[in-house]
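Start at 1 with the first residue, then count along the sequence.
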Amino acid sequence: MLFLDFARTCEQLEKTAGRLDMIEIISRVLPGLSDEELPVFVRFVMGRIFPDWNSRKLGIGPNILYDAIRSVAGVKKAVVIDRLNKSGDIGGTVEELLAVKTQMSFSHNDLGLLEVYNQLVSISAKEGEASQREKMRTAMLLLGDARPLEGRYLARIMLEELRIGVGEGSVREAIAKAFNVDSALVEHAMQALNDMGEVARLAKVGPDALKQVSITPFHPVRMMLAQQGSIADMIGEHGELAAEFKYDGSRFQFHKKGNWARLYSRRLEDVTAALPDVIEQLMSATDHDVILDGEVIAIKGGKPMPFQSVLRRLRRKHDIAEAKEAIEMVPNVFDILYLDGETLIDLPFSERRKKLVDVVTMFIAPQTTSSDQAAIETVYENALAAGHEGIMIKVPASPYTPGQRGKNWIKIKPEVDTLDLAVVGAEWGEGKRAGVFGSFLVACQDQGRLITLSRVATGFSEEQLAEVYEMLKESVIKKTGKEVTFEPSLVIEVGYAELQASTTYEAGFALRFPRFIRIRDDKDLADIETIEGIRARYQRQANSTRAYQD
């Protein structure tokens, strides 16, 4: 497949509003691709380069891309930035500048889909002091051969933000339709493999290939997620529940096979080097080959410390031994996904718990099972008294559903409601906040697309504003007066008093009294709140208000 054909498909999808029409377009393309092209096309059309389980990053920021297009188009960097400020779209800006170049030079080497992929892989492998220059040269080579339309999507893929509105669900249905397989099989294979590109390749082979998929060590899967709810509602719906402490730490996935073990973060990044003490503890707790799900917390003086203490350890690259002595890191394991060659995610939670207790001797999170509301509330009170966030209540009959936020896991916390949202824009600060961003525009997700929800200006310390500025200053893609737009990358937790219907923001809602809680760089853009979840919260809020009035 030529990359130009891929770009034309993206252009068609970008102009298509209906989800069913998108599924039809993608499903028509997939059968004609080779076994090598199929995984690449699927990942690319979702705006990704590497499988979801692979934490490898391209490492090309906006500034490298600006320099590359400046050189290829023969213009000053200021011209690139000026045009970007007017359009707000790096893809459209590159397309416009390449159109001018094409008028002066009609020579192009046809880019193949696999050629582009291989060049991007080579970019990601470049390390060391000279890596930025080498990455820019490779980007220049690709853009130099790109036609204007190819440049639009090539630039977006380099920033891993395709912006054509194709979500995972649409691709799943397109794969099922293209190869005449059950979409439930596609979904289940994705849960185990965490790579929709490889799932598409297996679907082409047939349903039996999808059925044979299993979880394997050192190939992390997405973690099951929780949503908010109430103890009374859960008991009313399910009866007996399992209650566990909700820790203010960092989620992990521990993989062990023989004498080899790795630790992965919620974002599926390998954090083994940052937490060798946790690896040692978990290695000593089992002789089996396992994949465990849990949360690591920082302990000092016998008391749990805030999440930021764990985050500092995860970010640390040097002096790990010194950090180990300063703060104790303790893992709390609450689930098992794989045991000695067997995938366990389809088993009920109660059965997985039994296997966990059988094969892991230490660090298992305490659990209480009961259908008595008072007993569950006692666990909640004990969790708060011990310095934890609250509790998790789980349905004993539920399977483990990687990456899904359903009603089988519910979190109970006393604080104000919070949302994990992406930072997509900001406004420069004044007074004490001069020189840094003073307020931020945040967004939720809608079928893989980011839509604005609120502005957040309170809750930040001066140190936190400086930290956020350092994290975002290289991600600016547009400037308009005092406002800037970012290439989305940062997730923050935002507290609020209530949700309100609003026409100010694209989501159709606004947050009343929004307040910054903390940076969540343990989370990816895929982990932020969905518009469906926000609508459900708004409905629960409305129901609660009506009940109070009655």
Side-chain angles (χ1 to χ4, degrees), residues 51-54 184-185 187-195 198-199 202 209-226 242-245 247 249-266 268-272 275-276 278-296 330-369 392 394-404 406 408-409:
D52 287 1
W53 62 265
N54 191 324
L185 273 180
E187 171 68 16
H188 193 269
M190 177 59 185
Q191 289 179 351
L193 289 176
N194 206 16
D195 177 5
E198 177 63 12
V199 170
L202 292 174
L210 291 173
K211 291 175 184 176
Q212 293 168 12
V213 165
S214 62
I215 291 174
T216 57
F218 315 117
H219 192 130
V221 300
R222 285 181 291 184
M223 299 177 191
M224 187 170 173
L225 306 174
E244 302 167 355
F245 290 173
Y247 302 100
S250 184
R251 193 83 173 267
F252 70 78
Q253 202 173 97
F254 173 74
H255 290 230
K256 174 184 176 293
K257 187 171 185 178
N259 295 321
W260 186 251
R262 311 299 293 175
L263 201 67
Y264 301 93
S265 71
R266 181 171 182 147
L268 308 186
E269 295 171 327
D270 190 327
V271 293
T272 305
L275 297 170
V278 175
I279 287 282
E280 291 167 9
Q281 292 174 88
L282 293 173
M283 284 289 283
S284 70
T286 183
D287 295 326
H288 296 263
D289 295 342
V290 294
I291 298 177
L292 305 176
D293 188 2
E295 188 131 348
V296 61
V330 177
N332 295 275
V333 179
F334 45 71
D335 217 326
I336 181 167
L337 316 185
Y338 170 96
L339 174 61
D340 296 332
E342 181 185 3
T343 297
L344 306 180
I345 62 174
D346 293 326
L347 294 179
F349 176 53
S350 57
E351 292 187 31
R352 299 198 308 274
R353 175 75 182 193
K354 289 176 184 175
K355 290 182 181 290
L356 176 65
V357 172
D358 285 343
V359 302
V360 178
T361 60
M362 297 179 287
F363 309 113
I364 297 178
Q367 183 187 95
T368 297
T369 56
M392 298 288 299
K394 303 177 181 180
V395 178
S398 62
Y400 190 98
T401 50
Q404 294 186 11
N408 289 323
W409 285 15

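Between Val290 and Leu282, the closest side-chain pair of non-hydrogen atoms is not below 4.5 Å. Annotation: side chain of Leu268 is in contact with side chain of Asn194 (closest heavy-atom distance under 4.5 Å). Using a 4.5 Å heavy-atom cutoff, the side chains of Val359 and Asp340 are not in contact. For the pair Leu202/Gln212, no side-chain contact is recorded, criterion being any heavy-atom separation below 4.5 Å from C-beta on. Two residues are said to be in side-chain contact when any heavy atoms from C-beta on lie closer than 4.5 Å; His188 and Asp346 meet this criterion. Between Asp335 and Trp409 the shortest side-chain heavy-atom distance falls below 4.5 Å.
With hydrogens and angles disregarded, a donor-acceptor distance shorter than 3.5 Å links the side chain of Thr361 to the backbone of Ala285. A donor-acceptor pair is defined here as one N or O able to donate and one able to accept, closer than 3.5 Å; such a pair exists between the side chain of Lys256 and the backbone of Gly258. With hydrogens and angles disregarded, no donor-acceptor distance shorter than 3.5 Å links the side chain of Gln367 to the backbone of Ala242. Between the side chain of Ser398 and the main chain of Phe349, no donor-acceptor pair closer than 3.5 Å is present. The backbone N or O of Leu344 lies less than 3.5 Å from no partner atom in the side chain of Tyr400, so there is not a single donor-acceptor pair.
With values rounded to the nearest 0.5 angstrom, Asp270 atom CG is found 10.0 Å from Phe218 atom CZ. Within the model, atoms CG of Asn259 and NZ of Lys257 stand 12.5 Å from one another, a figure rounded to the nearest 0.5 Å. Annotation: the span from Glu244 atom CD to Arg353 atom CZ amounts to 5.5 Å, rounded to 0.5 Å. Atom CG of Leu292 and atom CZ of Phe334 lie 10.5 Å apart (nearest 0.5 Å). Within the model, atoms CD1 of Ile279 and NE2 of His255 stand 10.0 Å from one another, a figure rounded to the nearest 0.5 Å. Atom CH2 of residue Trp53 and atom OG1 of residue Thr216 lie 8.5 Å apart, to the nearest 0.5 angstrom.
When all heavy atoms of Gln191 and Gln404 are compared, the pair lying nearest together is NE2-NE2, 3.1 Å. When every heavy atom of Leu347 is checked against every heavy atom of Arg352, the shortest pair comes out as O-NH1, 2.7 Å. Here the shortest heavy-atom pairing between Gln253 and Val221 reads NE2-O, 2.8 Å. The shortest non-hydrogen separation linking Ala189 to Leu210 is CB-CD2, 3.8 Å. Between Thr401 and Met224, the shortest heavy-atom distance links the atoms N-SD, 3.5 Å. Contact between Val360 and Ile364 at its shortest, heavy atoms only, is O-CD1, 3.2 Å.
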- Chi angles and distances behind the side chain to side chain contact (heavy atoms under 4.5 Å, CB included) call for Lys355, Glu342: CA-CA 11 Å; Lys355 290 182 181 290; Glu342 181 185 3; 4.3 Å; yes

- Given side chain to side chain contact (heavy atoms under 4.5 Å, CB included), test Arg251 with Asp293 step by step and report yes or no. CA-CA 8 Å; Arg251 193 83 173 267; Asp293 188 2; 2.8 Å; yes

- Message: Apply side chain to side chain contact (heavy atoms under 4.5 Å, CB included) to residues Leu339 and His288 and explain how you reach the verdict.
- Response: CA-CA 7 Å; Leu339 174 61; His288 296 263; 3.8 Å; yes

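Counting heavy atoms of neighbouring residues, nucleotides and ligands inside a 6.0 Å radius, atom CG of Asp358 exceeds 12 of them.
Among Pro220, Pro331, Ser265, the single residue meeting the side chain to side chain contact (heavy atoms under 4.5 Å, CB included) criterion with Phe252 is Pro331.
In this structure, a donor-acceptor pair under 3.5 Å is absent between the side chains of Asp195 and His219.
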